[in-house]
Q: 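Just dropping this structure here.
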Amino acid sequence: MGRKRAVGGIEIPGWAWLVPCALVPVVLLNLGVAWLGGTQVSPLSFSFLQTKARALGAYVAHRPECVLDGHPPLEPLIEDTERRHGIPPGLLKALIQVESETRVHRISPAGAMGPGQLMPDTAALMRVEDPFDPAPSVDASGRYLAEQLRRFRDVRLAVAAYNAGPGSVNGRVPHNGETEFYVAKVLAAYEHTRPKAPVVAKRPAGSAAPAKAPVARKARPPDAPSKPSTAPKAKAPVKPATRPAAGSRPPAKLASATR
């Protein structure tokens, strides 16, 4: 039997002292993920210990590279990735907003990393060496989402496969207490990030056509010459009466028929 120690008059077996020693690494790991990764996780969480440890190691390896330089804006990277991989405009942006709130250094309680929240195995599958580097991380998220869109040919199912894995999607969104709410959040965000269709005003039926506006006459410049008035038509000259020549006898008057 192990040696017993008395604490406050209570005897505690020796093996019981090993429990706090075993909890210390777990607590430190969870606190590191919560503090460095900007997430909420219970200090006594025993879930995904290995993936959280790998994510924390990747973060520690990445952080010195961006302390001085920082990172470029995410939005141009996301839009370029959508065009390059044929993703509907705004869909990848909505997904990243839900996944990480566009935070480059986020670590989830399950150990997912970066803006698109890639799991360590998924990042390795997509050949991403640093999931916290925005350019390759966003590109890998876009490639993975485009692959699900080609596979399922449905936005809802593709988003569900991004969250739960394609093997969990059998023609419908899996109801596992997480994915169904995740899909609803992404689609709600997609309504705001997708390009808006132009609004075409329709004329109400039976309404009269609007009267045409009078055509304004072109103003004449002040220095323009005035339009010449139309000259009146010239009358034909009247032929003057011919006078008899000098010395000629004027014609005799006709005699009256009766005297």
Q: Is Glu75 salt-bridged to Lys93, cutoff N-O under 4.0 Å?
A: yes
Q: Any side-chain heavy atom of Lys52 sitting closer than 4.5 Å to one from Ile107?
A: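 When only atoms from C-beta onward are counted, Ile107 and Lys52 do not touch, as no gap falls below 4.5 Å.
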Q: So, applying side chain to side chain contact (heavy atoms under 4.5 Å, CB included) with His85, which one of Asp139, Leu145, Leu149 is it?
A: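 The single option meeting the side chain to side chain contact (heavy atoms under 4.5 Å, CB included) with His85 is Asp139.
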Q: Scan Val26, Val27, Leu28 and name whichever one has a side chain to side chain contact (heavy atoms under 4.5 Å, CB included) with Val24.
A: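 Of the listed residues Val26, Val27, Leu28, the side chain to side chain contact (heavy atoms under 4.5 Å, CB included) partner of Val24 is Leu28.
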Q: Would you call the rings of His105 and Phe132 parallel, tilted or perpendicular, where under 30° means parallel and over 60° means perpendicular?
A: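 The rings of His105 and Phe132 sit tilted, inter-plane angle from 30° to 60°.
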Q: Using the side-chain contact (heavy atoms from CB on, under 4.5 Å) rule, take Val186 and Glu99 through it: C-alpha gap first, then chi angles, then the decisive distance, then the call.
A: CA-CA 9 Å; Val186 172; Glu99 286 282 359; over 6 Å; no
Q: Return yes when atom CZ of Arg103 has more than 12 non-hydrogen atoms of other residues, nucleotides or ligands closer than 6.0 Å, and no otherwise.
A: yes
Q: How far apart are the closest heavy atoms of Ser137 and Gly114, and which atoms are they?
A: OG-CA, 4.5 Å
Q: Is the backbone of Leu118 close enough, under 3.5 Å, to the side chain of Thr122 for a donor and an acceptor to pair up by distance?
A: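 Between the backbone of Leu118 and the side chain of Thr122 there is no qualifying donor-acceptor contact (under 3.5 Å).
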Q: Keeping Gln148 on the side-chain end and Leu157 on the backbone end, is there a donor-acceptor pair under 3.5 Å?
A: no
Q: Closest heavy-atom contact between Pro43 and Leu31?
A: CG-CD2, 4.2 Å
Q: Side chains of Ser45 and Asn30: any donor to acceptor distance under 3.5 Å?
A: no
Q: Spell out, as yes or no, whether a donor-acceptor pair under 3.5 Å connects the side chain of Thr51 to the backbone of Ala110.
A: yes
